[in-house]
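What follows is a single structure, written as structure tokens, with notes after it.
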Amino acid sequence: MEFDMMNLMMKRRSVRKFKEEKPSDEIIQKIVQAGLLAPTSKNNKSVEFIVVDDKDTILKLKDCRSIGTIGLETAPCAIVVFADSQKSDVWVEDASIAASYMQLRAEDLGLSSVWIQMRNRTNENGSSENEVRRVLNIPEKYGVLCIIALGKKNENIKAYTENDIDKSRVHYG
Ligand SMILES: Cc1cc2nc3c(=O)[nH]c(=O)nc-3n(C[C@H](O)[C@H](O)[C@H](O)COP(=O)(O)O)c2cc1C
């Protein structure tokens, strides 16, 4: 069957409950390669990733933020998306595109995911970004955007249909 990009984008939904089974190294490689292919401003390649599949570390990452992290509770794999803020003044944009590319590639490979925001978020100790940097020993100059929780879905979330596309948000002329 011909590859259908629109179908892939309609199928991708945020999933927050995962099966235990870890994605294979081969699949993870394919997903991070999509992130590495994502465009960056001035082609500065400011974005980096840490793949985490150790359960204790994933749960430590979950605690870096007080709310909104339920997807990390069961995720067998998490990809931390961060970028060198000294390399790029638009590292947030660079990292966002990379994260989105990886979410779409994950869907393409039969996995589900959810974006867990860390930038501009907090836990009881303060900034979630600082907390993630502390847990993973990421140097200060890197901004931490988000963590992509990843795995096989263990909940049923309906794909989007044509009816979900709100065309009134597009303006012409
Ligand atoms: C910038 C951004 C931040 C998000 N942060 C979180 C988050 O912290 N926790 C979470 O569970 N989902 C988060 N999401 C997922 C959104 O809630 C989700 O994409 C939205 O509700 C639409 O649902 P869909 O992804 O199934 O289309 C985030 C998504 C984006 C793009």
Side-chain angles (χ1 to χ4, degrees), residues 4-19 23 31-32 34-35 38-41 46-52 55 57-83 85 88-136 138 142-170:
D4 183 342
M5 185 76 179
M6 195 62 181
N7 185 42
L8 180 73
M9 290 192 288
M10 298 228 263
K11 259 176 45 196
R12 186 220 53 82
R13 297 300 314 270
S14 293
V15 164
R16 299 178 177 86
K17 268 190 195 160
F18 299 95
K19 294 186 178 165
I31 293 170
V32 292
T40 55
S41 171
S46 63
V47 189
E48 301 189 24
F49 312 105
I50 299 178
V51 177
V52 183
K55 192 76 201 166
T57 311
I58 293 175
L59 292 178
K60 278 186 193 155
L61 291 171
K62 178 180 182 293
D63 290 340
C64 290
R65 191 179 152 196
S66 317
I67 56 164
T69 58
I70 195 80
L72 288 169
E73 204 163 286
T74 53
C77 183
I79 303 179
V80 180
V81 183
F82 60 109
S85 61
S88 176
D89 58 345
V90 289
W91 69 266
V92 175
E93 290 85 342
D94 290 342
S96 298
I97 297 167
S100 289
Y101 266 45
M102 291 195 293
Q103 285 198 276
L104 285 172
R105 183 62 170 139
E107 187 68 44
D108 182 37
L109 294 163
L111 293 186
S112 298
S113 67
V114 63
W115 175 312
I116 310 283
Q117 181 74 16
M118 288 294 156
R119 192 180 75 88
N120 280 351
R121 297 292 180 262
T122 56
N123 73 358
E124 62 285 359
N125 300 325
S127 146
S128 297
E129 274 194 78
N130 276 341
E131 289 288 90
V132 175
R133 280 192 287 258
R134 180 182 57 74
V135 169
L136 296 175
I138 297 173
Y142 287 94
V144 179
L145 178 69
C146 69
I147 301 175
I148 302 298
L150 200 63
K152 285 214 168 120
K153 68 176 168 193
N154 203 6
E155 62 175 340
N156 209 16
I157 313 262
K158 274 196 193 147
Y160 287 117
T161 67
E162 281 280 335
N163 293 335
D164 295 307
I165 300 175
D166 174 9
K167 297 185 178 109
S168 73
R169 288 196 284 141
V170 184

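In each ligand, atom 1 is the first atom listed, and ligand 1 is the first ligand listed.
For residues 59-69, the set of pairs meeting the salt bridge (Lys or Arg N to Asp or Glu O under 4.0 Å) definition, not counting sequence neighbours, comprises K62-E73.
Residue-level contacts of ligand 1 at the 4.0 Å heavy-atom threshold are R12, R13, S14, R16, R65, G68, V114, W115, I116, Q117, Y160.
Geometric assessment of R133 against the ring of Y142 yields a negative cation-pi assignment under the 6.0 Å and 45° thresholds.
Considering only residues two or more places apart in sequence or on other chains, K152 meets the salt bridge (charged side-chain N to carboxylate O under 4.0 Å, His left out) condition with E21. By the salt bridge (charged side-chain N to carboxylate O under 4.0 Å, His left out) test, R121 pairs with no residue at all, sequence neighbours left out.
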Go through it in stages, so that I can follow the logic: the residues are S128 and N123, the test is side chain to side chain donor-acceptor pair (under 3.5 Å), and I'd like the CA-CA distance, side-chain angles, deciding distance and then a yes or no. CA-CA 6 Å; S128 297; N123 73 358; 5.7 Å; no
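For K55, the NZ atom is densely surrounded, since the number of other residues' heavy atoms within 6.0 Å is greater than 12.
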